[in-house]
Amino acid sequence: MDTSSPAVFVNAELLKMHVGKRVRTVLQVARNEGGVMVGQSTDGQQLTVKGGDPKGFALSHYVEVIGIADGNQSIRAEICTDFGERFDAVSYNGLCQLANGKYKNLFL
């Protein structure tokens, strides 16, 4: 496991705290337009992803995105992974809260 460039677990609410840093999130794809993927974060807010070849992901699929937070609701993707149509967004959202809160020291 490469720990030289860790990615912080975030949802849309937490993304704004990590602008300019490497982040990891999961969103449900709502649309793909001209190399930009727009989707719903696990906390129900909208996120925009640029790069990472978003054209290959089906609408309504959950996609993990690792990249650089380049705005309050935007990520410049390095890696995108299709998690399919079924994903426990509530649990992931709880993980994001723990990874940025009381148990932050347990996460890279």
Worksheet item: Side chains of Asp43 and Asn93: is there a donor and an acceptor less than 3.5 Å apart?
Response: no

Return all side-chain donor-acceptor pairs below 3.5 angstrom for residues 58-68, not counting sequence neighbours, or 'none' if the list is empty.
{"from": "His61", "atom 1": "ND1", "to": "Asp82", "atom 2": "OD1", "distance (Å)": "3.0"}
{"from": "His61", "atom 1": "ND1", "to": "Asp82", "atom 2": "OD2", "distance (Å)": "3.0"}
{"from": "Glu64", "atom 1": "OE2", "to": "Arg24", "atom 2": "NH1", "distance (Å)": "3.0"}

Fill in: Derivation and outcome, side-chain contact (heavy atoms from CB on, under 4.5 Å), residues Thr48 and Val36
CA-CA 7 Å; Thr48 302; Val36 175; 3.3 Å; yes

Fill in: Side-chain heavy atoms of Leu47 within contact of Met37, under 4.5 Å
no

Worksheet item: Listed by chain and number, what are the side chain to side chain donor-acceptor pair (under 3.5 Å) partners of Asn72, not counting sequence neighbours?
Response: none

Worksheet entry | Partner set under salt bridge (charged side-chain N to carboxylate O under 4.0 Å, His left out) for Arg86, not counting sequence neighbours | none

Please set out all donor-acceptor pairs under 3.5 angstrom arising from side-chain atoms of residues 13-23, sequence neighbours excluded.
{"from": "His18", "atom 1": "NE2", "to": "Asn100", "atom 2": "OD1", "distance (Å)": "2.9"}
{"from": "Arg22", "atom 1": "NE", "to": "Glu78", "atom 2": "OE1", "distance (Å)": "2.8"}
{"from": "Arg22", "atom 1": "NH1", "to": "Ser5", "atom 2": "O", "distance (Å)": "2.6"}
{"from": "Arg22", "atom 1": "NH2", "to": "Glu78", "atom 2": "OE1", "distance (Å)": "3.0"}

Worksheet item: Sequence neighbours excluded, which residues qualify as side-chain contact (heavy atoms from CB on, under 4.5 Å) partners of Ala99?
Response: Phe9, Phe107

Fill in: Residues in ring pair (Phe, Tyr, Trp, His ring centres under 6.0 Å) contact with Phe83, at least two apart in sequence or another chain
Phe87

Worksheet entry | Closest approach of Ser41 to Ala12 (non-hydrogen atoms, all atoms of both residues) | OG-N, 3.0 Å

Worksheet item: Which pairs, with at least one residue in residues 66-77 and sequence neighbours excluded, count as a salt bridge (charged side-chain N to carboxylate O under 4.0 Å, His left out)?
Response: Lys50-Asp70

Worksheet entry | Gap between atom CD of Gln73 and atom CD of Gln46 - 0.5 Å precision | 6.5 Å

Worksheet item: If Ile, Leu, Val, Met, Phe, Trp and Tyr residues are connected whenever their side-chain heavy atoms lie under 4.5 Å apart, and connections chain through other members, are Tyr103 and Val90 in the same group?
Response: no

Item to complete: Taking side chain to side chain donor-acceptor pair (under 3.5 Å) as the test, write out the residues that go with Thr25, two or more places apart.
Response: none

Worksheet entry | Heavy-atom side-chain contact between Thr42 and Leu27 under 4.5 Å | no

Worksheet entry | Joint cluster assignment, Ile79 & Ile75, ILVMFWY side-chain distance < 4.5 Å | no

Worksheet item: What is the minimum heavy-atom distance between Thr81 and Phe57, and which atoms define it?
Response: C-CE2, 4.2 Å

